[in-house]
Amino acid sequence: MIILKSPEEIQAMRAAGRVVAQAHEVVRDLIRPGLTTLDLDRAVEEFLTKQNAIPAFKGYQGYPASICASVNEVVVHGIPSQDVVLQEGSIISVDIGAFVDGFCGDSAWTYPVGQIDSQTQLLLETTEKALFEGIEQARIGNRLSDISHAVQMRAEEQGFSVVRDFVGHGIGRQMHEAPQIPNFGPPGRGPRLKQGMTLAIEPMVNAGSYHVQILDDNWTVITRDNSWSAHFEHTIAISDEGPVVLTTL
Ligand code: MF3
Ligand code: CO
């Protein structure tokens, strides 16, 4: 069942979204060669706690940290570690979720570390565009897979591929609510979109093939072909005036 939110509930979700966006500002300002992904995790956890926000990932199905920090061929769910030192020319996807007053915000962004090559830059730009073209489809009367289709079209136009094994999701009082939101598929399928739906749309786009594998830590997801991968995610609400991004300042 898809839980529709009232305007008051969406206002509350905006507060959660804003804190997540601010945490991304903290990350963006910190990222540089030599920093570890554990440094980023600590900074975000400290920031969220100071804002009276609760990190949404920590303890979720046993996940040990407040952020996911996924470098290069890591697609999602990279566990922050003092052994992962950021290198010039790498990319890092940082995923942050937080609860404020009982509602969740969830957003991911892929950041360059120093200068990156032009093909990697294209991967980042394309995945960000795919996210926003998916968000554009989050309108009353459209169907859910209109979002999926728009994301896939943008990603594949550049020869990249969208991950099949992980999807976006409804979000609200729980981080994961119905519906699941694949990043691929034909348009015009699935439930009709309604006012008050709140969704986390999160394309994961690989430079190579879409196949992934999970490492022995049971979390880290990497590309099978070791190609690099980007991940952009926003939490949005569907209003009568169109999609509203909640994970923004
Ligand atoms: N954005 C991810 C998601 O939607 C983050 C979850 S990481 C986890 O599921 F550790 F909390 F599982
Ligand atoms: Co999510």
Side-chain angles (χ1 to χ4, degrees), residues 2-3 5 13-14 16-21 23-24 27 37-38 40-42 44-45 48-49 53-71 74-81 84 91-100 103-111 127-128 130-132 134-135 138 144 147-148 151 162-184 197-206 212 214-222 229-238 243 245-248:
I2 302 176
I3 302 168
K5 281 79 177 180
M13 288 190 65
R14 226 181 237 283
R18 187 177 304 115
V19 169
V20 169
H24 271 288
V27 165
T37 56
L38 188 63
L40 293 175
D41 184 64
R42 288 199 176 123
V44 168
E45 186 169 311
L48 292 176
T49 307
I54 301 167
F57 301 170
K58 201 162 193 172
Y60 181 86
Q61 293 182 6
Y63 187 74
S66 292
I67 67 169
C68 300
S70 306
V71 174
V74 180
V75 179
V76 286
H77 302 168
I79 299 172
S81 164
V84 179
I91 54 173
I92 175 172
S93 303
V94 178
D95 196 346
I96 305 175
F99 284 94
V100 173
F103 283 97
C104 192
D106 186 8
S107 177
W109 214 258
T110 302
Y111 300 99
T127 309
E128 184 178 349
L131 168 62
F132 281 98
I135 290 172
L144 186 71
I147 298 172
S148 314
V151 168
V162 292
V163 170
R164 270 49 170 175
D165 294 0
F166 296 87
V167 297
H169 49 94
I171 181 168
R173 290 190 181 275
Q174 307 283 333
M175 177 164 69
H176 292 145
E177 297 181 353
Q180 294 196 356
I181 312 172
N183 293 300
F184 62 97
M197 286 183 178
T198 46
L199 308 172
I201 302 172
E202 50 178 317
M204 290 142 269
V205 176
N206 298 348
V212 299
I214 301 177
L215 298 186
D216 286 339
D217 62 17
N218 283 324
W219 280 107
T220 311
V221 178
I222 66 168
S229 186
H231 181 206
F232 287 77
E233 174 181 30
H234 269 312
T235 298
I236 65 111
I238 300 179
V245 176
L246 301 177
T247 36
T248 191

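Keep in mind it's a predicted model, so treat the numbers as computed, not measured. Side chains included, hydrogens not; waters and symmetry mates left out as well; all remaining heavy atoms used. We count ligands from 1, going down the list as the structure has it; atoms in each ligand are counted the same way.
Listed as neighbours of ligand 1 are F57, Y60, Y63, C68, H77, D95, D106, H169, M175, H176, E202, W219, E233, each bearing a heavy atom under 4.0 Å from the ligand.
Under the side-chain hydrogen bond (donor to acceptor under 3.5 Å, both in side chains) criterion, T247 pairs with H234, sequence neighbours left out. Every side-chain hydrogen bond (donor to acceptor under 3.5 Å, both in side chains) that E177 has, sequence neighbours left out, goes to K5.
Within the 3.5 Å criterion, the main-chain N or O of W109 finds no donor-acceptor partner in the side chain of S93. Checking side-chain atoms of S229 against main-chain N and O of V205 turns up a donor-acceptor pair under 3.5 Å. In this structure, T198 contributes its side chain and I171 its backbone to a donor-acceptor pair below 3.5 Å. Without hydrogens or angle criteria, S70 side chain to G78 main chain gives a donor-acceptor distance under 3.5 Å. Although no hydrogens or angles enter the test, the distance criterion places a donor-acceptor pair under 3.5 Å between the side chain of T110 and the main chain of H231.
Contact annotation: the side chain of C104 approaches that of F99 to within less than 4.5 Å [non-hydrogen atoms, C-beta and beyond].
Between H24 and Y111, the ring planes are tilted. Angles from 30° to 60° get that label.
Listed by chain and number, the protein N, O or S atoms at a distance under 2.8 Å from the Co ion (ligand 2) are D106 OD2, H169 NE2, E202 OE2, E233 OE2.
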